[in-house]
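Every chain is numbered from 1 and lettered A, B, ... according to where its sequence line falls, protein lines coming before strand lines. Side chains are part of it too, since the values below use all heavy atoms of this structure and drop only hydrogens, waters and symmetry mates.
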Amino acid sequence: MDFLIDTWTGLPTVVQILAKIVLIAVPIMLTVAYLTLAERKVIGYIQVRIGPNRVGPRGLLQPIADGIKLAFKEIIIPTNANKALFIMGPLLALAPALAAWAVIPFDEPLILANIDAGLLYILALTSGSVYGIIFAGWASNSKYAFLGALRSAAQVVSYEIAMGFALVCVLMAGGSLNLRDIVLAQQGGVWTWFWLPLLPMFVVYFLSGVAETNRAPFDVAEGESEIVAGFHVEYSGMTFALFFLAEYANMILISALTALMFFGGWLSPFQGIPVLESWFAWVPGMAWLFAKMAVFLFLFLWFRATFPRYRYDQIMRLGWKVFLPVTLIWIPVLGVWIMLGIWPFH
Amino acid sequence: MAIEPVIFWVFSTILVLSAGAVVTVRNPVHAVIFLVLAFFTSAAIWILLEAEFLALALVLVYVGAVMVLFLFVVMMLDINIAPLREGFVRNLWVGIPVLAIVIYELWVVVGEKQFGLDKVAAPAGHAADYSNTKELGSILYTVYMYPFELAAVILLVAIVAAIALTLRRRPQTKYQDPAQQVLVKRGDRVRLVKMAAEKKQ
């Protein structure tokens with residue numbers, strides 16, 4: 001063990017960081033793969049079907065089979081497509097979804113980069129992910145793809161504002177832009193986690209997150225019934241797979257952020273409860289974080305199985321006329337609340 | 001070797017090249033994309049200057065919102081590029097002196113007389129717990145309180161003006177009141193008619 005630690009600390013910093021990146025990125029990719037299976041299974045059972053059960057025991061190898069199939073398919077580039085941008089689209093969609101994980105704290109000491117403005121970094125990066133979709137839509141040289149890209153761009157920009165204001169409330173309550181400090185500010189059990197004092201913000205943030213990832217019921221960017229498959233209609237094989245990876249990686253990211261900012265991240269839900277706290281003291285913080293993320297990921301799947309797609313004008317109305325005023329009102333309310341020092345802010 | 005100069009030179013090379021490409025590429029969409037790249041790389045240089053709040057705000061506001069809308073508009077415009085490039089040589093004799101004056105002015109203002117290495121010392125690095133965000137916030141809400149509020153009010157006026165300019169009553173649009181839509185009951189739309197079965201003749 002000592003030998004291992006010595007070798008690790010002996011490595012150059014760049015190698016150490018690269019190893020940590022691999023340690024974060026590979027599990028994300030695996031989670032994405034099995035999230036696709038989970039989605040098909042969950043929606044299957046909700047709709048009284050069985051879902052995929054042919055490949056491997058209980059269908060467990062289905063994501064591997066899908067991955068191999070997509071990897072060996074031909075990548076078709078449409079005539080008159082802008083080749084460079086066409087290839088860059090999927091890459092730009094995936095890159096921010098992975099890069100944002102750099103500042104996600106998995107446990108109190110477990111962060112790749114404990115930067116001061118972590119929340120802002122995440123907001124900046126996720127706002128950049130829309131370029132993948134816009135590039136894809138424009139470079140495909142196809143009307144459907146272009147319409148999908150425009151819808152997506154307008155939707156992401158609209159919901160980002162509400163999302164940003166919800167995050168302003170979080171940073172006011174946490175007193176920091178650093179995600180680790182925000183989690184630590186929520187210490188003290190379920191009732192002091194920010195979901196309760198910031199309940200409207202939690203709802204706004206999570207629903208905006210669903211809208212930002214272009215998931216059902218906000219998936220007009222794909223809109224099969226009107227514009228075939230939206231922005232990725234011309235994509236095949238691995239380029240299509242990258243869009244898929246990006247969408248699921250973003251879902252996981254939004255779940256992680258919701259868990260961190262509103263549900264105490266790695267903090268145990270039994271904190272402050274006399275007996276249960278000591279019973280569950282052995283559970284590592286990461287396990288709590290993953291459990292909370294799993295709940296939100298399930299919500300994503302549940303939404304998709306339950307709600308019909310929004311009409312486009314209703315999406316815009318919800319973003320601008322409902323979410324935005326709610327956040328704008330909640331910011332001064334929260335300011336007064338914190339100034340007065342009433343529970344849980346002292 | 002220190003890594004900062006390498007980062008600086010890499011990013012500033014990309015910045016200068018992409019800024020040049022903004023005005024030289026033929027396709028307007030490509031120009032906008034190069035502008036996005038220029039914003040992004042200048043944000044990286046700001047991070048190198050330990051101004052992470054400004055850098056991230058630049059990415060968030062310009063790359064994430066303004067340029068998306070810009071791209072949105074430019075992509076939908078059907079610009080014929082040929083007429084835009086006409087008269088390049090004819091206008092050159094105006095362009096070159098203007099360019100020379102601009103470069104001279106820049107050199108006078110930010111040249112080595114004002115910002116030479118002997119005038120401005122290299123900034124000292126801050127400790128790891130230095131928070132650019134806190135620093136900026138405390139100075140913005142104390143020393144520069146009134147300018148900051150003024151800027152906010154001016155922006156608000158601009159928003160009001162923009163909305164007032166574009167707002168017009170359009171009676172011919174089929175506006176649907178969502179509150180009314182939600183209140184609709186089945187009975188309002190469906191009428192069940194009871195009638196006796198008809199016999200074949």
Contact origin within [X] toward chain B - heavy atom pairs under 4.5 Å:
X: N178(A); result: neither
X: A149(A); result: neither
X: L177(A); result: side chain

Heavy atoms only: give me the nearest [X]-[Y] pair and the separation to one decimal.
X: L60(B); Y: S127(A); value: CD1-OG, 4.0 Å
X: A117(A); Y: T133(B); value: CB-OG1, 4.2 Å
X: A153(A); Y: V68(B); value: CB-CG1, 4.0 Å
X: V157(A); Y: G64(B); value: CG2-O, 4.3 Å

Please check if the number of heavy atoms outside [X] that lie under 6.0 Å from its [atom1] is greater than 12.
X: F40(B); atom1: CZ; result: no
X: F165(A); atom1: CZ; result: no
X: F72(B); atom1: CZ; result: yes
X: Q172(B); atom1: CD; result: yes
X: F86(A); atom1: CZ; result: yes
X: F243(A); atom1: CZ; result: yes

Part of L58(B) lying under 4.5 Å from any heavy atom of chain A: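 Interface part for L58(B): neither.
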V61(B) portion near chain A, given a 4.5 angstrom heavy-atom threshold: neither
Y131(A) side-chain N/O to V63(B) backbone N/O, donor-acceptor pair under 3.5 Å: yes
Heavy-atom check, side chain of L120(A) versus side chain of E52(B), under 4.5 Å: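 No. Closest side-chain heavy atoms not under 4.5 Å.
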Minimum side-chain heavy-atom gap V29(B)-F135(A) below 4.5 Å: no
Winner by heavy-atom pair count (cut-off under 4.5 Å) against chain B, out of I134(A), I161(A), V130(A), L150(A): L150(A)
Option in G137(A), G128(A), S176(A), A124(A) with maximal non-hydrogen atom pairs under 4.5 Å from chain B: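 Most heavy-atom pairs within the cutoff with chain B belong to A124(A).
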CD-CD distance between Q181(B) and Q314(A), expressed to the nearest 0.5 angstrom: 6.0 Å
